[in-house]
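Computed from heavy atoms alone, side chains included, the values below leave out hydrogens, waters and symmetry copies. By convention in this document, chain letters (A, B, ...) are assigned in the order of the sequence lines, proteins followed by strands, and residues within each chain are numbered from 1.
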There are 2 protein chains.
Amino acid sequence: MLYPDSLLKLINFYKKQPGVGEKSAERMALATILMDDKEITDFATALVDAKNKIKKCPVCGSLTENDVCDICSDQERDHNLICVIEDYKSLISFEKVGNFKGIYHVLNGLISPMDSIGPEDINISSLVKRVDEAQNPELILALKSSIEGETTTLYIKKIFEKKNVTISRLSYGIPMGAEIDYLDIITLDKALEDRKRISE
Amino acid sequence: MLYPDSLLKLINFYKKQPGVGEKSAERMALATILMDDKEITDFATALVDAKNKIKKCPVCGSLTENDVCDICSDQERDHNLICVIEDYKSLISFEKVGNFKGIYHVLNGLISPMDSIGPEDINISSLVKRVDEAQNPELILALKSSIEGETTTLYIKKIFEKKNVTISRLSYGIPMGAEIDYLDIITLDKALEDRKRISE
């Protein structure tokens with residue numbers, strides 16, 4: 001019995017978090033018991049609160065405390081430009097860039113036959129409904145370039161093929177600032193294929 | 001307002017933990033709201049519990065839920081062999097090795113004039129009392145080889161100089177498995193100085 005019981009319990013809860021190993025969990029638990037009483041109680045309340053208050057936006061699948069999320073209810077944004085993303089983390093990334101003025105559709109997953117995740121398991125059916133209701137919509141498929149990402153992109157492209165929808169995907173290419181000789185060959189190949197003409 | 005309020009609050013609490021940055025805190029908070037209700041409540045309880053139940057052992061300065069810690073109250077251990085360590089994390093490391101059969105004295109800090117931490121700020125006075133009460137005690141000073149560690153080692157050595165105490169420190173040297181040509185020169189120098197005769 002190395003740790004006192006209550007410490008061990010706390011370490012185990014921290015260890016359940018993504019990216020937290022034995023050592024980090026131990027460090028976090030030891031830091032926790034140094035917090036003052038009020039802070040600990042507030043932390044505990046924040047945990048339960050976040051769980052209770054946050055739910056998925058019924059329109060786009062993002063996270064919100066309200067009936068509909070802030071982005072979906074923002075009338076200043078272009079509701080005909082829909083960026084389709086894998087998860088809430090992607091939304092945060094785009095919003096940090098800050099240049100996208102359309103709205104999002106969060107799939108909360110990708111099609112993955114290997115993991116038995118089919119189109120019906122992710123948030124696609126409500127996308128069809130949204131697109132049908134939009135006027136002259138454009139879908140930007142912003143999914144990662146993995147097998148699952150490509151499969152999902154192809155699937156969505158196929159669904160909307162015969163409808164009046166513009167569909168685009170993010171460009172592939174060299175990340176800004178990257179050294180050419182350190183790039184993997186697939187990225188380099190894609191950058192060549194997607195090359196952009198700069199002469200007139 | 002990027003995150004829902006309650007999510008932001010939780011992210012900020014995770015960010016207060018040692019070694020947790022923006023990105024990890026975000027990941028952890030998003031994982032948290034996927035935990036089921038019972039798990040969340042248990043996590044919250046574990047936080048408050050650990051804070052309330054764990055206190056310092058009045059004998060050695062380690063952490064415990066009891067009046068005196070398990071190691072101090074273990075009569076099978078050699079109470080004349082006292083390993084002096086910086087913090088509870090060191091204790092865990094030694095106990096994981098599992099070969100040390102003496103007891104510990106946790107200083108909960110090191111002397112550091114730069115940070116205005118003097119001998120009276122760390123757990124030294126009770127060490128004097130323990131040594132006085134022991135029969136033929138040996139102190140193993142197991143502090144790190146930083147300026148603060150060396151200063152504290154020297155200070156403790158000086159206190160007990162005229163008393164009937166054997167004092168030792170951990171050996172310096174090459175970590176097991178390390179490549180000689182990757183070692184820093186100070187470690188190599190110490191390993192040379194502390195060399196051990198192996199011929200008869």
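Chosen from B:Thr64, B:Leu63, B:Leu47, B:Ile40, the residue pairing most often with chain A at heavy-atom distances under 4.5 Å is B:Leu47. Of all the listed residues (B:Lys53, B:Lys51, B:Lys96), the one sharing the greatest number of non-hydrogen pairs under 4.5 Å with chain A is B:Lys51. Taking A:Asn66, A:Ile54, A:Val48 one by one and counting their heavy-atom pairs under 4.5 Å with chain B, the maximum is reached by A:Ile54. Chain B forms the most heavy-atom pairs under 4.5 Å with one residue out of A:Leu91, A:Leu30, A:Asp49, and that residue is A:Leu30. Ranking B:Leu10, B:Thr41, B:Ile71 against chain A, the residue ahead of the rest is B:Leu10, based on heavy-atom pairs under 4.5 Å. Contact count versus chain B (heavy atoms, under 4.5 Å) is highest, among A:Asn12, A:Val20, A:Asp37, for A:Asp37.
One N or O on the side chain of B:Lys101 and one on the backbone of B:Gly98 form a donor-acceptor pair closer than 3.5 Å. Under the 3.5 Å distance criterion, the side-chain polar atoms of B:Arg195 are matched with a main-chain donor or acceptor of B:Leu192.
By the side chain to side chain contact (heavy atoms under 4.5 Å, CB included) test, B:Asp121 is found to be paired with B:Ile117, residues two or more places apart in sequence or in another chain being considered. Remark: B:Lys38 engages B:Asp36, B:Asp42 in a side chain to side chain contact (heavy atoms under 4.5 Å, CB included) (not counting sequence neighbours).
Closest of all the heavy-atom pairs between B:Gly102 and B:Arg77 is O-NE, 2.7 Å. When all heavy atoms are compared, the tightest approach of B:Ile82 to B:His105 is CG2-CB, 3.8 Å.
Taking non-hydrogen atoms and a 4.5 Å limit, the residue list of residues 124-146 of chain A in contact with chain B is empty.
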Determine all donor-acceptor pairs shorter than 3.5 Å in which one atom belongs to a side chain in residues 175-187 of chain A; sequence neighbours excluded.
unit_1   : atom_1 : unit_2   : atom_2 : d
A:Asp184 : OD1    : A:Thr187 : OG1    : 2.6
A:Asp184 : OD2    : A:Thr187 : N      : 3.2
A:Asp184 : OD2    : A:Thr187 : OG1    : 3.0

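A:Val68 and A:Ile85 fall into different hydrophobic clusters, where Ile, Leu, Val, Met, Phe, Trp and Tyr side chains are chained together by heavy-atom contacts under 4.5 Å.
If you measure heavy-atom distances from B:Leu34 to chain A, the contacts under 4.5 Å come from the backbone alone. B:Glu26 touches chain A through its side chain: at least one heavy atom from C-beta onward sits under 4.5 Å away, while N, CA, C and O do not.
Open room surrounds CD1 on B:Ile147; 12 or fewer heavy atoms of other groups in view lie less than 6.0 Å from it.
Between B:Tyr14 and A:Tyr14, the ring-plane angle classifies as perpendicular under the 30° and 60° cut-offs.
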